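Small disclaimer: the values here were computed from a predicted structure and weren't measured.
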Amino acid sequence: MRPRPLPEGFEPYVWARVVDEVAKAHGIPVAQVLRFDANVPALPGVPAIPLGESFAALNDYPEGTYRELREAAAAYAGVEPDEIVVGAGADDLIGLVARTFLGAGRRAAVQLPTYPLYAIASGIEGADVVSPALEANALCGADVVWICNPANPTGELHDPGRIAALARELPDAVVAVDEAYFEYAGETVVPFVRELPNLLAIRSLSKAFGFAALRVGYIVASRGVAAELTRRRAPAPIAAPAARIAAAALRDPVLDVEWEVAERERMREALVAVGFDCPRSFANFVYVPVEDGPALAGRLEAESLVVRCYPRAIRITPRLPAENDRLLAALGVRAAASAARSALVVRTTAETALRVSLSLDGRRRARVRTGVGFLDHLLAQVAFHGGLDLDVVAGGDVDVDEHHTVEDVLAGVGMALREALGDRHGLARYGAATVPMDEARATAAVDLVRRPHAEIRLAFGGERVGGLALTLLPHALERFAIEAGCTVHVEAAGDDDHHVAEAAFKALGRALAQACSPDGSGSATGPGSTKGAL
């Protein structure tokens, strides 16, 4: 059996090393590794539909026309559903375009440097891949012209009108525009697609939407081209739960684009100020030309900071402000303070290694991986009810027991809260909440005054919930209060221990949200204390 030959010089896609491999290569804890290389948000998108419903019919095939998803994508893009083609992410759709319009003896034009999948998909179909200038006379004879806009990895933005003019001058070529970063630039060729059948836009929910793991993308094309592409796509390329979550996200987009762009600009300005020649970016990353990209990337990786490298550049995707400041510091750069209140705590003891990234001005997103499932659940409740963004990674001696991990993680979250609060000027200071949860009831009160104290009374009837010894929670919450430098009172009781613990952490989150909010008085009256300072 002989596979179809690939073009000379063909190179397959090479994935970056996973976090475990990076940690092992440098002898550092997994929890310390920060990835700035993937061009995805630091925290995942939040599904806007009940997940249970999405997974209730896993024995059924997806609805093959994806009507709901196509309608949502069409409304978002400002077109009609029959001008939408869906696929398993932009990568699947790039392959679909290549499969439809390329083959042996045909030609694909790829601008370099760029996303390697254009050349890979073209080569798999047997097409010749060339790299001419992005001008009509140079592109004559091309069957497909691939354009990434905004460009990856440079962040350059081509004027959509110029791309449309190029499509007019090349009526026999398909001009495929990858708009994976469209939300960050706000510029698109979609308004020209209906009049130019050879022009199409490929989009993704992996970037601004934060759903890379779902593998959902769509193409905007003229009706005829959309129909031809749909004829050739796989019968059901997107899992039904992913399609439902994506449709809900497109119907009611909740994005962090303004915040991500602000961080991108804060980082770029800091790098330019010390002499780096960073071009303006219209995507969600900063492109940094350097003498030796692999050498610099290797040095940063040894410090647990992973960036994307090129022969003479690195590419950085902003994360939370405190995490970005750590990367900038490794480059010898000090940035202006971010308006967002965030913190990064990296801590290693004899028993645990952990990383806590926290933003007080978040979107209720949590990614918590401690090895203790019920603790992950409780911290996610604090983040959601506290209006926080929280990313916690911990590795500890849970094979012995969970004691050290639980205590150290709550201590780390307290440290991050203290750092994120800064001087505590202009805060409400006090917060209180009562949360009923079925038969359980919890109350929490918080005072951000700098007198650490805790009164924790949790009435449990048993010893464990899942992998968590409940007796550890009162002491762990005391450590949280001490490290955060505030007063915390929490009481909870009920018949179900799961509900008692969950209500307590929900109440704590709600009390923190109140206490950490601006008090409305501004700097004229200062913080809520007769002593003039918290």
Side-chain angles (χ1 to χ4, degrees), residues 31 43-55 210 213 241 245 352 354-359 362-396 398-399 401-414 416-417 433-444 456 458-481 488 490-513:
L43 291 170
V46 179
I49 58 172
L51 293 182
E53 293 180 12
S54 298
F55 288 90
I245 293 169
T352 59
L354 65 90
R355 184 185 83 236
V356 178
S357 301
L358 179 147
S359 174
R363 192 152 60 82
R364 302 171 182 263
R365 296 169 302 178
R367 180 169 55 189
V368 185
R369 296 153 292 175
T370 67
V372 184
F374 191 49
L375 177 63
D376 297 353
H377 175 64
L378 294 178
L379 289 176
Q381 300 308 311
V382 172
F384 181 85
H385 290 272
L388 313 173
D389 282 345
L390 181 65
D391 186 10
V392 180
V393 183
V398 291
D399 55 327
D401 67 24
E402 68 275 27
H403 175 91
H404 294 124
T405 296
V406 174
E407 181 178 350
D408 287 353
V409 165
L410 265 295
V413 174
L417 176 61
T434 298
V435 171
M437 189 169 181
D438 296 341
E439 86 300 335
R441 182 173 179 271
T443 61
I456 313 295
L458 306 179
F460 295 119
E463 295 183 356
R464 305 185 74 85
V465 170
L468 177 63
L470 297 172
T471 54
L472 298 175
L473 290 180
H475 177 60
L477 286 171
E478 289 174 6
R479 282 294 310 276
F480 165 79
V488 175
V490 180
E491 295 184 11
D495 297 329
D496 186 298
D497 287 345
H498 184 125
H499 291 165
V500 171
E502 187 170 336
F505 277 73
K506 286 179 176 178
L508 176 59
R510 288 182 172 269
L512 282 170

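For A481 against V488, the heavy-atom pair with the smallest separation is CB-CG2, 3.7 Å. Between H499 and D438, the shortest heavy-atom distance links the atoms CE1-OD2, 3.0 Å. Closest heavy-atom contact between V372 and G467: CG1-O, 3.8 Å. For the residue pair R365 and L43, the shortest heavy atom distance occurs at NH1-O, 3.9 Å.
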Table please: side-chain donor-acceptor pairs of residues 503-513 below 3.5 Å, with sequence neighbours left out.
| residue | atom | partner | partner atom | Å |
| --- | --- | --- | --- | --- |
| K506 | NZ | E502 | OE2 | 3.1 |
| R510 | NE | H385 | ND1 | 3.0 |
| R510 | NH2 | H385 | ND1 | 3.3 |

Report task. Given side-chain contact (heavy atoms from CB on, under 4.5 Å), test L477 with L458 step by step and report yes or no. Result -> CA-CA 11 Å; L477 286 171; L458 306 179; 4.2 Å; yes

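Side-chain N or O atoms of E402 include one that pairs as donor or acceptor with a backbone N or O of A469 at under 3.5 Å.
Within 6.0 Å of CZ on R441 lie no more than 12 heavy atoms contributed by other residues, nucleotides or ligands.
When the side chain to side chain donor-acceptor pair (under 3.5 Å) test is applied to S357, the partners found at least two apart in sequence or on another chain are E323.
Salt-bridge check for R355 with D391: passed, with a basic side-chain N closer than 4.0 Å to an acidic carboxylate O.
Atom CG of residue L379 and atom CZ of residue R367 lie 14.5 Å apart, to the nearest 0.5 angstrom.
For D389 and S359, the side-chain atoms include no donor-acceptor pair closer than 3.5 Å.
Classification of the H475-H403 ring pair by plane angle, with boundaries at 30° and 60°, yields parallel.
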